[in-house]
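Step one of this worksheet: look at the structure below.
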Amino acid sequence: MHACNSKGSLVWGVCSAVLEVHVGTGSVFSVEGQGVVLPAWYTSRSQKKPYVTWLLDKADADPFQILTYLDGVVKVEETELKPRVGFLYPVLTHNISVFINSTRERDSGQYMCTVNVVDDATSTGKNVAVINLTVLVPPAPPACQLRGSPAVGANVTLSCASEKGKPSPTYQWQRMAPTLQVFFPPAQDRARGTLKLTNLSLDMSGLYKCVAENQAGSAECRIILEVHSTREGAIIAGAVLGSLGALATVAFFARRLVGYRRKKRDGQEEAANEIKEDAVAPKTPSWTRTPPADAISKTSTLSSIAGARDRPYGASPLSDTASVLTAAGSYRGPHRAGGCPPPTNGAPWHPPQPPATPGGLPPSSLARAGAVPVMVPAQSRAGSLV
């Protein structure tokens with residue numbers, strides 16, 4: 001009796017062949033969007049057609065078939081891989097490698113291949129092969145941000161992050177030309193993508209670049225850092241506050257001016273309404289009317305003639321014997337220098353009583369009201385002119 005090795009080769013005599021499946025590598029990597037090949041083949045002395053099955057085992061689902069070969073017929077199962085998967089070579093060549101086009105991140109998982117051939121014996125587990133596929137995702141273009149106020153002496157943090165990437169990308173900050181500079185920990189955290197800049201100075205201004213990188217590729221973003229002095233910041237803040245104060249002052253005085261004009265207009269309208277409603281036009285008394293000029297002239301002439309005929313020579317002038325009656329009705333007698341006034345027609349003389357003022361108004365009030373004094377001739381008790 002002769003023994004056979006695992007590949008069915010004759011050692012001590014003729015024996016039955018042993019079926020076995022082989023893989024080129026246990027782990028395969030692909031970049032998302034690119035194609036990949038899972039290399040596998042089997043050995044057997046049998047000339048009969050094999051039965052080949054490929055399955056995919058993912059961490060979040062049970063294993064499911066994606067591709068089979070049975071009785072010379074290839075069947076692609078209804079999965080999301082159907083339009084992108086197939087055998088790379090004819091199965092009868094014993095090469096059962098599988099290709100996957102346009103790989104996606106969800107294609108990652110454990111792919112298992114099983115081969116069975118009629119009349120071929122096999123050892124336990126030798127007819128099964130496993131290949132792990134990992135689909136890598138390049139970093140998405142990262143976003144650069146600045147946290148903090150870039151003033152002289154202050155501290156700021158530059159951050160960089162990509163929303164997508166498998167495996168998780170690492171980050172590298174550097175300052176661009178004309179002043180090239182590379183940063184290291186602890187100022188830079190390559191896992192988190194942060195760069196801390198402390199005690200800023202004006203010469204730290206410039207262009208900074210962040211590169212996100214993993215096995216699938218890289219992407220970058222840039223940010224400009226402008227460090228300003230505290231004096232410039234104070235000037236800017238003061239200008240802003242000054243502008244706001246000027247606007248507030250203008251608004252205040254404009255409001256006061258509008259209110260003053262409105263109040264003045266309302267006061268004038270109220271005064272006009274009061275005058276129209278309460279004021280009564282003054283009436284001129286009949287006794288204040290000035291007699292016609294020709295009547296005054298005639299009276300004065302008659303008085304002068306009578307005085308010249310009756311008085312003896314040396315008597316008082318006309319002004320001493322004439323009486324003055326004002327328009328207000330007051331009476332002024334003749335002025336004599338000392339002694340009692342002489343009797344008139346043998347009767348004792350009594351000072352004439354001033355006539356009552358019409359309406360009870362005093363002469364001073366009538367004078368202020370515009371009364372005019374009028375000269376009238378003197379009269380005797382009989383009523384004749386003297």
Side-chain angles (χ1 to χ4, degrees), residues 6-8 17-46 48-140 162-170 213-217:
S6 60
K7 294 184 179 180
V18 177
L19 176 65
E20 187 174 355
V21 178
H22 310 273
V23 294
T25 178
S27 298
V28 177
F29 295 89
S30 175
V31 177
E32 187 178 44
Q34 298 180 2
V36 67
V37 173
L38 306 180
W41 67 91
Y42 73 95
T43 57
S44 174
R45 289 188 60 199
S46 175
K48 295 186 178 179
K49 297 177 181 180
Y51 172 50
V52 182
T53 303
W54 279 92
L55 298 92
L56 173 57
D57 186 8
K58 302 175 67 171
D60 58 351
D62 295 332
F64 55 91
Q65 290 184 356
I66 60 172
L67 185 65
T68 62
Y69 177 85
L70 179 61
D71 294 332
V73 178
V74 176
K75 181 181 180 181
V76 181
E77 303 294 338
E78 294 292 337
T79 65
E80 60 180 349
L81 287 167
K82 182 176 181 178
R84 301 181 289 116
V85 68
F87 286 105
L88 186 61
Y89 301 103
V91 175
L92 293 180
T93 61
H94 290 198
N95 192 323
I96 54 177
S97 299
V98 171
F99 69 87
I100 301 176
N101 294 327
S102 302
T103 55
R104 304 172 184 173
E105 183 181 1
R106 287 184 54 82
D107 296 341
S108 300
Q110 190 177 66
Y111 289 79
M112 297 181 296
C113 176
T114 303
V115 179
N116 291 292
V117 179
V118 178
D119 299 335
D120 233 355
T122 182
S123 300
T124 304
K126 292 295 183 177
N127 66 329
V128 178
V130 177
I131 300 176
N132 291 308
L133 173 63
T134 303
V135 179
L136 305 178
V137 180
S162 294
E163 294 183 354
K164 188 178 182 182
K166 182 182 179 180
S168 298
T170 58
E213 184 178 12
N214 63 9
Q215 294 92 322

Review point. Considering only heavy atoms from C-beta outward, does the side chain of Leu19 approach that of Thr43 to under 4.5 Å?
Key: no

Point to revise | Inter-residue atom distance Trp41.CH2 - Ser97.OG, 0.5 Å rounding | key: 7.5 Å

Practice item. Quick one: do Leu88 and Val37 satisfy side chain to side chain contact (heavy atoms under 4.5 Å, CB included)? Show the steps, please. Key: CA-CA 8 Å; Leu88 186 61; Val37 173; 3.8 Å; yes

Check your understanding: Shortest non-hydrogen contact from Val21 to Ala129?
Key -> CG1-CB, 3.5 Å

Atom pairs and distances, side-chain donor-acceptor, residues 48-64, under 3.5 Å, sequence neighbours left out:
{"from": "Lys48", "atom 1": "NZ", "to": "Asp119", "atom 2": "OD2", "distance (Å)": "2.7"}
{"from": "Trp54", "atom 1": "NE1", "to": "Ile96", "atom 2": "O", "distance (Å)": "3.2"}
{"from": "Lys58", "atom 1": "NZ", "to": "Arg106", "atom 2": "O", "distance (Å)": "2.8"}

Practice item. Could you please spell out the steps behind the side chain to side chain contact (heavy atoms under 4.5 Å, CB included) verdict for Val76 and Val85? Key: CA-CA 8 Å; Val76 181; Val85 68; 3.9 Å; yes

Review point. Is the number of heavy atoms from other residues, nucleotides or ligands under 6.0 Å of Lys126 NZ greater than 12?
Key: no

Exercise for review: Could you walk me through whether Tyr111 and Val130 pass side chain to side chain contact (heavy atoms under 4.5 Å, CB included), step by step?
Suggested key: CA-CA 6 Å; Tyr111 289 79; Val130 177; over 6 Å; no

Check your understanding: From Ser108 OG over to Leu136 CG, what is the distance, rounded to the nearest 0.5 angstrom?
Key -> 7.5 Å

Point to revise | Nearest-0.5 Å distance that lies between atom OG1 in Thr170 and atom CG in Asn214 | key: 7.5 Å

Practice item. Could you give me the CA-CA distance, side-chain angles and deciding distance for Thr68 and Glu77, then say whether side chain to side chain contact (heavy atoms under 4.5 Å, CB included) is met? Key: CA-CA 8 Å; Thr68 62; Glu77 303 294 338; 4.0 Å; yes

Point to revise | Val36 side chain reached by Phe99 side chain, heavy atoms, under 4.5 Å | key: no

Exercise for review: Indicate the atoms forming the closest heavy-atom contact of Gly72 with Tyr69, along with that distance.
Suggested key: CA-OH, 3.0 Å

Practice item. Applying side chain to side chain contact (heavy atoms under 4.5 Å, CB included), name anything that partners Thr114, two or more places apart in sequence or on another chain. Key: Asn116, Asn127, Val128

Exercise for review: Could you grab the distance from atom CG of Leu81 to atom CG of Asp107, nearest 0.5 Å is fine?
Suggested key: 5.0 Å

Check your understanding: Do the non-hydrogen side-chain atoms of Ile131 and Pro39 ever get within less than 4.5 Å of each other?
Key -> yes

Check your understanding: Minimum heavy-atom separation for Pro138 to Ala216, with atom names?
Key -> N-CB, 3.4 Å

Exercise for review: Calculate, to the nearest 0.5 Å, the distance between atoms OH and NE2 belonging to Tyr42 and His94 respectively.
Suggested key: 3.5 Å

Review point. Between the main-chain N or O of Ser102 and the side-chain N or O of Arg84, is there a donor-acceptor pair closer than 3.5 Å?
Key: yes

Review point. When rounded to the nearest 0.5 angstrom, what distance separates CG in Asn132 from CE in Met112?
Key: 10.5 Å

Exercise for review: Would you check if the side chain of Thr103 reaches a backbone N or O of Val31 as a donor-acceptor pair within less than 3.5 Å?
Suggested key: yes

Point to revise | Any donor-acceptor N/O pair, Ser162 side chain to Lys164 backbone, under 3.5 Å | key: no

